[in-house]
Each structure stands twice: as structure tokens, then as C-alpha cells.
Amino acid sequence: MNTKKILVAAAWPYVNGDIHIGHLAGYFIPADIFTRYSRLKGIDTVFVSGSDCHGTPITVEADKRGISAKELVNEYIPKVHEIINQYGISYSLFTSTITENHKKVTQDVFLNLFKNGYILKKKSLQYFSDTDNKFLPDRYVEGECPHCHSQGQRSDQCENCGRSLGFGELINPYSKLTKAPVTLKETEHYFIDYPKLEGQIKEYVLNHEGTWKDWVFKETIGFINEGLQERAITRDLDWGVEIPVNDLPEEERIEFADTKRFYVWFDAVIGYLSATIEYCNANGLDYRDYWNNKDAKHYYFMGQDNLTFHTIFWPGQLIGQNLNYNLPYFPSIVKFLNANGQKLSKSRGNIIDAKKVADHFGADLIRFYITSILPENKEGNWDWNDFKNSVNSELGGNIGNFIHRVLTFYKNKLNADKFDFEIDSELRNKIELAFTNVGDFLENGQFISALNEIKKLSTTGNQYFDYNKPWEKLKTDIPEAQRIIFNCIQLVNALRILINPFIPAASNKLSENLGLNILESEIDHDQFKFTKLSLAGITVVEQLQPLFKKIEDEHITAFNA
RNA sequence: CGCGGGGUAGAGCAGUGGCAGCUCGUAAGGCUCAUAACCUUGAGGUCGUGCGUUCGAAUCGCACCCCCGCAACCA
């Protein structure tokens with residue numbers, strides 16, 4: 001029994017649109033690979049996330065479609081679950097930010113910050129619509145540019161002359177929705193006193209120099225060195241977690257608190273904590289074993305736009321609790337994934353939909369390809385031709401074909417007999433090294449390198465097979481042919497385990513083909529290592545099919561049609 | 001002077017002072033157990049540009065050029 005515990009915290013998909021390959025690359029796939037790997041090692045690994053349901057983009061989208069925010073959210077949540085099932089993302093719990101539990105935890109976090117003196121009340125000016133009798137977020141406001149006097153400009157920057165605008169500079173501002181004029185009005189909000197937390201946050205970050213990826217560390221420390229500002233945690237909006245003003249002394253309540261909600265960034269990250277609590281409560285566990293136990297390491301997975309929220313603001317929220325919560329141990333952050341050399345964007349129309357692409361090609365192929373182009377240190381690019389080549393030659397030709405040629409040879413030429421040999425020591429060393437290297441790479445957020453180790457091992461297998469020519473030995477020296485295939489089957493078994501975190505469905509299919517139990521990630525065994533496989537324990541299925549089918553150009557053309 | 005990342009073979013990338021590497025693609029050869037798969041060998045690079053430090057620079061310094069992220073849709 002391994003006493004170590006790991007919390008895998010994947011970014012929360014924002015439910016105002018469909019999931020696409022950017023989300024897959026950003027957190028779904030890397031977080032799942034890591035979780036599966038960690039569980040195969042026998043480590044108690046809790047993997048949580050959920051739908052991020054609050055915030056202005058949700059209300060904007062809902063308004064645009066003439067439905068309520070809640071209706072919008074309820075429409076998208078099942079779609080996210082569909083993606084999770086389709087790709088086999090092995091969450092312990094995938095919840096949402098609209099649960100009672102999340103509301104309570106968020107309010108508790110706020111009250112603790114308040115109690116510990118990290119919350120400020122501040123008044124500022126905000127656009128207000130008299131007609132609607134409500135404050136409007138900046139994104140809802142348009143007006144005339146004070147510099148070039150073009151109409152219909154946003155409040156922060158003029159698209160016509162390119163100049164950025166100070167707050168309140170817009171001439172004749174009006175609501176984007178109702179076109180009714182808006183005025184600046186004073187409003188009161190809560191802020192987190194980040195300048196007060198800055199010292200502790202910086203110390204935390206400096207402690208991770210060398211363990212975090214270089215660019216992640218530099219970007220974080222660069223941001224801190226500019227000086228942290230007080231940061232608003234409430235907004236004038238009616239969609240979100242309510243502020244528990246009744247739990248505060250009268251003089252500390254902000255005015256019109258019932259018309260305000262927590263800002264989405266504040267409550268979304270708290271989801272990691274609230275989801276762990278929800279999961280533990282439902283399963284008779286104690287969340288403190290994950291959040292207060294110093295042997296529990298927290299791995300976070302997200303895209304680069306979320307960097308400061310997870311390396312600065314969220315740690316600050318946790319530090320300010322004074323509850324000795326574990327801080328993020330390793331933020332596995334990726335850059336953006338482009339498609340065909342262009343940024344993914346709805347307006348460019350080059351979004352590749354996660355559901356559609358898995359329906360068409362199968363989730364494992366997408367998992368494999370995305371992992372091979374993961375934007376670990378610089379932007380990645382989805383290219384259809386590259387996709388075809390990668391899947392056909394690396395996955396099908398190298399890995400898939402090695403497995404298939406070994407198993408068909410064993411079954412058809414050697415009658416699937418139960419012979420036993422000593423394992424070639426050189427091969428054994430290579431297999432053991434592959435397990436070590438893949439593990440080390442995964443623990444450092446280097447998924448591409450981890451995958452390359454697996455490809456290398458498969459290449460070793462193909463070389464071993466070719467060099468030893470078992471098909472010739474078959475005619476002259478059957479025991480030698482058996483010995484060679486015995487060794488190859490050990491390699492196949494190693495690959496079965498090694499590919500499991502990356503392409504679980506293929507790994508499970510291979511287990512079935514061998515009559516083995518599929519790798520059970522929940523059980524308490526250390527499975528991610530080399531173990532000699534006895535042929536007595538396997539039964540190759542009658543109808544042996546290749547694990548991966550080739551992708552033809554027509555498939556791609558059909559998908560893009 | 002905003003902060004940060006990147007520019008290395010046709011494509012995608014690794015490589016932070018010591019003969020320029022990996023995967024794919026490509027050329028030639030081999031094999032026939034296997035999904036025309038696999039194996040071997042080869043071609044292909046002024047390491048963005050210039051200057052400098054050094055016995056030695058992709059790697060360190062300075063200057064410059066180009067692409068990208070942090071601010072709308074968006075991970």
C-alpha cells in the first residue's frame with residue numbers, strides 16, 4: 001500500500017460553447033494520462049474537475065440566445081459529460097460550480113479570507129443602465145471613441161484607431177444589449193488584498209524554481225515582480241455564488257450586496273477544493289487527507305491563459321485561509337494549439353470539435369495525435385497530413401504492427417503453445433528503462449518525450465524481430481523461434497501497460513485479445529513496471545484484428561466536408 | 001523601452017560552451033512473420049540577422065528583424 005496521495009486538478013471547462021481540441025490538449029488529455037499513470041503505479045489518485053458555470057460570457061451567450069443562464073448551462077453540462085465518456089477521461093468526480101456544496105465552500109473561503117484580514121471593501125465607478133436598473137460589465141458597453149470618434153467601440157480599446165481607452169473615456173456610452181444609454185455610477189465591491197499576500201506567494205513560487213517548467217516559473221515570477229494589485233472578487237451581476245453578507249458584521253457589508261455575486265475567477269478555482277470535498281463526502285473519505293496531508297501532491301493541468309490564476313491568485317486564496325492547505329505542487333501548463341497554422345477561433349471557423357473528430361476517427365487516435373503535438377513549450381499545430389502520417393506510421397505501423405505481427409506469429413506459427421524461457425537480458429534492460437523514463441517524463445509534464453520512449457521501445461521490438469528472423473528459425477530450430485517470440489511477447493506486454501495511460505481503449509483491447517484482465521487502475525497494485533508474463537496465463541482470441549486501422553485521405557476529406 | 005514565449009533538415013520538435021540530434025516525410029537497398037507493414041543505409045541544416053566574448057558558440061553578451069501569448073470570440 002502506497003501512502004502517497006495525489007490530487008489531479010484539471011481546469012474547469014467553461015460551458016458557453018462546445019469542447020474542441022484546444023480543451024483536449026490543454027487539460028483533458030494530459031490530466032487523464034497523468035492520472036492513469038499515477039493509478040497504475042498504485043498511488044491513491046483523486047482526479048477532480050467540473051463545469052465552470054458562472055460569469056459574464058455565460059450571461060452574454062444566454063442573452064444572445066434569449067434563454068436564461070441556467071438553461072444555457074444545463075444545455076452544455078451534459079455535452080461535456082459526453083466528451084468525458086467518449087475520451088475516457090477518468091475523473092473521480094466531474095461536478096459543476098452550481099452545486100450547493102460549491103456555493104458553501106466558496107462562501108467559506110471568502111469568510112476565512114475576511115476573518116484573516118485579506119478582504120477589502122472598495123468603491124469604484126462602473127457603467128450603470130437606468131433603463132435596466134443594473135450595472136453592466138464592460139463587455140456590455142459600447143460607445144464613441146474619444147480620439148477618432150468612430151462609433152460602436154468597446155470601452156477598453158478602439159478597433160478603428162487602435163488606441164486604448166481609459167475607463168470612462170467612451171463618449172455617449174450605451175448598452176450593447178438594449179442600446180439604452182449608460183452612465184458611470186459608484187459601486188462597491190470586495191477585493192482580495194494581494195499586496196498583503198505578495199510576500200508569501202512569492203516565497204511559495206521561489207520554492208519551486210527548478211521543479212516547474214522554466215517558462216512557467218519565469219512568467220509567474222515576472223508577474224509578481226511587477227507588483228500584485230488588489231483584485232476585485234465580486235461583480236454587479238445576478239448569476240453566480242451569492243455573497244454571504246449576513247455572516248459579516250454590519251459595517252463590513254457592501255451596499256446592495258444582494259445584487260452582486262462572486263466574480264467567476266474567484267469561485268471557479270475554489271472548485272478544486274469543493275469538488276474534492278464533494279467526492280470525499282460521497283465516498284466516506286476525508287478531504288483533509290488530500291488537502292492537509294503533506295504527502296499529498298497536487299498536480300494542476302491547464303492552458304497558458306490560466307497560468308497566473310493557478311500559480312498566483314489561487315495559491316494566494318489558499319494561503320489566506322490559514323488552514324495549511326496544500327498549494328499547487330506542479331502546474332502542468334501548455335501553450336495554445338493551432339489548427340493548420342492558424343489560431344483556433346470561432347470567427348475563423350477552424351475549430352475542430354472534440355466530439356465530431358472522435359466520432360469520426362476514434363478517441364484513441366485523437367488522444368495519441370494530440371499528445372504527440374502537445375504545446376509543452378511553444379505553440380503546437382494540428383495538421384491533417386501530419387495527423388494521418390503520425391497515426392498511420394507511428395501508431396499503426398510501428399506500435400500496432402509490432403504487436404500484431406508478434407501475436408499472429410505466436411498464434412498461427414507456434415500454435416499458441418505455452419513455452420517458457422529466460423528473458424533476454426538486454427531486452428529486459430530496455431523495457432525497464434522505458435518504464436523508468438516514461439514515468440520520469442510524465443512526472444515532469446513532458447508528455448511528448450514520454451510518448452517517444454514508447455515509440456522507441458516498439459522500434460526496438462521491430463528491430464529484434466527482424467534481426468532474429470523467427471520465420472527462418474521456424475524451419476530449422478523451433479525452440480529458438482519460440483524463444484524469440486517469447487521475448488517479443490514480453491515486449492508486447494510492456495507496451496500494453498505503457499500505452500495504457502495514453503490510449504486506454506487500445507490497451508484494453510489488447511488485454512482482451514490476450515485473454516488478460518484489462519488493467520484496473522483503481523486497484524492497489526504497482527502495475528506500471530516490467531513483470532514477466534507467463535504464456536500459461538494468456539489465450540489469444542480467435543479473431544485477431546489489428547489494433548489500429550489506417551486512416552485514408554478520404555476519411556479526412558469526408559470529415560472536413 | 002509593458003511582461004513573457006518562440007525563430008535549429010521539407011514538416012513537427014529536442015538540444016543552455018566541446019564532432020548538429022529525434023520523429024515523420026524523402027531516396028536506395030533488404031526482408032516477407034505482419035495492416036505494402038518492418039529492417040538497413042543515405043540525401044537533406046549559413047542553428048532568424050549582425051557584431052562581440054571564448055582555444056571553441058545553436059548554447060554566453062549586445063543590437064536588430066520576424067512570429068506568438070498576456071486585452072473580444074477562446075484552453
Side-chain angles (χ1 to χ4, degrees), chain A residues 10-14 16-17 19-28 30 52 57 60-61 138-139 154-157 159 164 213-216 218-226 301-308 333-338 341 343-348 351 372-383 385-398 400-414 446 448-449 451-452 455-456 458-459 461-474 481 484-485 488 544-550:
Chain A
W12 292 48
Y14 199 64
N16 66 337
I19 303 293
H20 56 69
I21 55 170
H23 302 93
L24 295 176
Y27 49 92
F28 281 116
D52 183 3
V60 170
E61 178 70 17
D138 300 348
R139 282 179 218 177
R154 298 200 322 265
S155 58
D156 57 345
Q157 186 177 26
E159 283 186 354
S164 54
K213 278 187 214 167
D214 198 41
W215 70 267
V216 170
K218 284 206 291 216
E219 188 126 349
T220 303
I221 211 71
F223 195 95
I224 295 174
N225 286 340
E226 282 177 50
F301 293 82
M302 76 211 78
Q304 61 174 352
D305 56 329
N306 259 318
L307 185 140
T308 49
I333 310 182
V334 300
K335 305 224 162 194
F336 288 113
L337 182 60
N338 295 329
K343 199 179 163 185
L344 292 175
S345 79
K346 283 177 185 168
S347 44
R348 284 207 182 87
I351 298 271
S372 75
I373 56 168
L374 220 53
E376 288 170 359
N377 295 311
K378 62 169 98 165
E379 297 191 336
N381 186 40
W382 176 294
D383 178 272
N385 201 39
D386 188 48
F387 169 67
K388 190 187 93 173
N389 288 337
S390 173
V391 167
N392 286 350
S393 90
E394 298 181 327
L395 188 58
N398 187 355
N401 180 56
F402 173 68
I403 292 170
H404 196 242
R405 72 195 293 205
V406 169
L407 296 186
T408 49
F409 195 101
Y410 174 59
K411 181 169 166 287
N412 297 338
K413 312 287 179 184
L414 296 170
Q446 295 171 273
I448 297 174
S449 298
L451 196 55
N452 284 338
K455 293 177 200 165
K456 244 161 64 181
S458 178
T459 297
N462 278 314
Q463 286 169 338
Y464 180 85
F465 200 109
D466 273 63
Y467 180 79
N468 287 291
K469 305 187 188 341
W471 60 90
E472 277 184 9
K473 296 291 185 302
L474 203 57
I484 294 159
I485 293 304
C488 286
L544 194 61
Q545 295 293 321
L547 288 176
F548 310 102
K549 282 190 189 138
K550 286 191 72 166

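Letters A, B, ... mirror the listed sequences (proteins, then strands); counts begin at 1.
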Review point. Rounding to the closest angstrom, what is the interatomic distance between B:A57 and B:U46 at atom C1'?
Key: 15 Å
Point to revise | Separation between the P atoms of B:U40 and B:A20, rounded to whole Å | key: 24 Å
Review point. What do you reckon, is NZ of A:K549 surrounded by more than 12 foreign heavy atoms closer than 6.0 Å?
Key: no
Review point. A:L337 near the nucleic acid: base, sugar-phosphate alone, or nothing, with a heavy-atom cut-off under 4.0 Å?
Key: base
Study note, to complete from the structure: Here the distance between atom C1' of B:G7 and atom NZ of A:K335, to the nearest Å, is 13 Å
Check your understanding: Between the base of B:A11 and the side chain of A:D386, is there any donor-acceptor pair under 3.5 Å?
Key -> no
Exercise for review: Return the stacking result for B:C33 and A:W471: yes when the ring centres lie under 5.5 Å apart and the planes under 30°, no otherwise.
Suggested key: yes
Review point. Within the pair A:Q304 and B:C74, is there a side-chain N or O less than 4.0 Å away from OP1 or OP2?
Key: no
Practice item. Write down the distance separating the C1' atoms in B:U53 and B:A14, rounded off to the nearest Å. Key: 27 Å
Check your understanding: Are A:N381 and A:I373 side-chain neighbours, meaning at least one heavy-atom pair lies under 4.5 Å?
Key -> no
Check your understanding: Which one is paired to B:C24, where only Watson-Crick or G-U wobble pairs with both distances under 3.5 angstrom count?
Key -> B:G10
Check your understanding: Which nucleotide, in any strand shown, forms a Watson-Crick or G-U wobble pair with B:A34, with both distances under 3.5 Å?
Key -> none
Practice item. Under a 3.5 Å limit for both distances, which nucleotide forms a Watson-Crick or G-U wobble pair with B:A57, could you say? Key: none
Review point. Which one is paired to B:C47, where only Watson-Crick or G-U wobble pairs with both distances under 3.5 angstrom count?
Key: none
Review point. Applying a 3.5 Å limit to both distances, which nucleotide forms a Watson-Crick or G-U wobble pair with B:G29?
Key: B:C39
Point to revise | Any strand: nucleotide that pairs with B:G2 via Watson-Crick or wobble, under 3.5 Å | key: B:C70
Review point. Looking for any heavy atom pair under 4.0 Å, which part of the strands does A:F465 touch: base, sugar-phosphate only, or nothing?
Key: base
Practice item. Would you indicate what A:P470 reaches in the nucleic acid, counting non-hydrogen atoms under 4.0 angstrom: base, sugar-phosphate, or nothing? Key: nothing
**Study point:** Same-atom distance (C1') from B:G42 to B:C51, integer angstrom
**Key:** 38 Å
Check your understanding: Are any of A:K549's side-chain N or O atoms less than 4.0 Å away from OP1 or OP2 of B:U35?
Key -> no
Check your understanding: Within less than 4.0 Å of OP1 or OP2 of B:C74, is there a side-chain N or O belonging to A:N16?
Key -> yes
